[in-house]
Amino acid sequence: MATSSRKNPGRPVDPPDGGWGWMVALAGFVVCACSYGVIRSLGVFFVTWRDYFSVTAAQTGLVQSIMTGVLNLAAPIAAALSNRFGGRVVVMAGGVISSAGFVLSLWASSLFHLYITVGFLTGIGYSMSTITTLATVGRYFTTNRLRANSIAAIGASFVSFAFPPLFQYLMDEYTWRGALVLIGGIVLQATVVGALVRPIVLKGDNTHKNPKDTKESSTPSDILSDSTISGTKYSFSKVILRRIASVLDFNLLTETRFLVFTAAVVLFGFSRFVPNIYIVPRARAFGIEEYPSAFLLSILAIGDIVGRASIGLLPEWPKFRRVDQFAVNIFLMGFSTLLAPLAKTYVTMAVYSASYGLLMGACVPLLYSAMAETAGANRLSSALGICMFLRGIANLAGPPLSGWLRDLTGSYDATLLEGGGCLVLAGLLPFLLHLRMFQPKKMEDKLDEHQTDGTRSALLREEREAAENSETLVVIRETAL
């Protein structure tokens, strides 16, 4: 039976810029807390897993690396599922899958099992719930989009203080296996709040399919059987790719504006976590005690909370929009990181941690708002899927390169200079969008600063209809004369 027979979620509307959208933002708060908040707090299991399985630190660290990488790499699949079945179903299913990854770890007998359960399976669930929720938040808002994204993203920062001691207590009381099962129960709350992610159909969404596209709405088995009858053979991988292509807007890859912005996001993902990884060992190399060195990450987390909470108050100007604000924010992150090698005392290191955390917290809400401006709210799911997939590759490649520079030079300053240079370049790229060659078409230029969301196509269509009606009136008037 074809899956296209699902219920129509409603008539196309303009983004309400509020209303139920605030409930969706609240759902994003909980989903980000259950995903990114848990990922940041799993470090309390690091020593226990390393000693229990008798493995190296690099092998133990792959658990979190796989989880983070899969979260981003699976973004196109999550976006395709969201466009196909609706955001509410995908978010709730993602909560169940990510919770199952932690619960199944109860029977883990080797670290490889944790790679599959906590790393891969939970990462898939996180991608389905997180990417879909944040994309839905962007579809509900225009002028308040940055504030809504800030509310959703700050959930991870708030629980970063509560989860580490809680996880340590659960591990002391119930062993690490029992603690993972209980964490699975916490993560399952994403399924509960997923019910708040009400789908919305915007003007400009492609809700009507052509008759020739009916084959696209059939199941993979239908496609296989139809292609066999017609004499054409399809492999299963081709069918999957065809299904994803039918619900994702890959035309974004032909737009130079989106490609430039995506290049900036990839460079940002390549070097974003360099200070988080090496700020503590660099402080230890300067002879600072263990606990004060670790507290640098706490200072960074405090700055992250302040940045995410305050960025929602930043106004938008016609000549300095969210894309420009995102670019300036990343540039300042890179510039401060280039100056980080000059920090040789604990006070200067703390100042750098606070400033970098402040900027890093602000960049997350700005990223989703800038992406909505660049691609349009009606294509935000597709844009997130493509960008997050490419950023996932960068997230996997960046830390190993930084570690190689540390081994080659024997200094952590080389890693900071490499990370700062990539961030500065990422901050400069979006300003290329102001060049004439990257400007939208003339008809699109007539739209004001709040018309780059899902109403763009509807507004252009109304303008064309108005022009046609005026021409008809002229003809009738001339005929009457």
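Residue indices begin at 1 and follow the sequence shown. What you see is a predicted model; the values in this text were computed from it and never measured.
Relative ring orientation between W176 and F53 is described as perpendicular, the plane-to-plane angle rising above 60° on a 0-90° scale split at 30° and 60°. Classification of the F261-F326 ring pair by plane angle, with boundaries at 30° and 60°, yields tilted. Taking the six-membered ring where tryptophan is involved, the planes of Y356 and Y352 are tilted, since the angle between them lies from 30° to 60°.
Using a 4.5 Å heavy-atom threshold, the side chains of F141 and P16 count as separate. Two residues are said to be in side-chain contact when any heavy atoms from C-beta on lie closer than 4.5 Å; V193 and V31 meet this criterion.
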Show me the side-chain donor-acceptor pairs of residues 103-110 shorter than 3.5 Å, one per line, residues at least two apart or across chains.
unit_1	atom_1	unit_2	atom_2	d
S105	OG	G101	O	2.9
S105	OG	T117	OG1	2.9
S109	OG	H113	ND1	3.1

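One distance of note links CG of D304 with CD1 of I299; it measures 13.5 Å at 0.5 Å rounding.
In terms of modelled atom types and a separation under 3.5 Å, the side chain of T122 and the main chain of G119 share no donor-acceptor contact. Side chain of S99 to backbone of G95: no donor-acceptor contact under 3.5 angstrom is found. Within the 3.5 Å criterion, the main-chain N or O of L359 finds a donor-acceptor partner in the side chain of N329. Without hydrogens or angle criteria, D324 side chain to R321 main chain gives a donor-acceptor distance under 3.5 Å. Between the side chain of R139 and the backbone N or O of I200, at least one donor-acceptor pair lies under 3.5 Å. A side-chain donor-acceptor contact under 3.5 Å links S127 to the backbone of L71.
Using modelled atom types and a 3.5 Å distance limit, the side chains of T133 and T136 yield no donor-acceptor pair.
Every residue meeting the salt bridge (Lys or Arg N to Asp or Glu O under 4.0 Å) condition with R282, not counting sequence neighbours, appears here in chain and number order: D413. Shown here are the side-chain hydrogen bond (donor to acceptor under 3.5 Å, both in side chains) partners of Q189, two or more places apart in sequence or in another chain: there are none.
When every heavy atom of L423 is checked against every heavy atom of F268, the shortest pair comes out as CD2-CD1, 3.9 Å.
Taking the six-membered ring for Trp, F29 and W22 have ring centres at least 6.0 Å apart.
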Please test F167 against L182 for side chain to side chain contact (heavy atoms under 4.5 Å, CB included), starting from the C-alpha separation and ending with a verdict. CA-CA 9 Å; F167 291 174; L182 294 174; over 6 Å; no

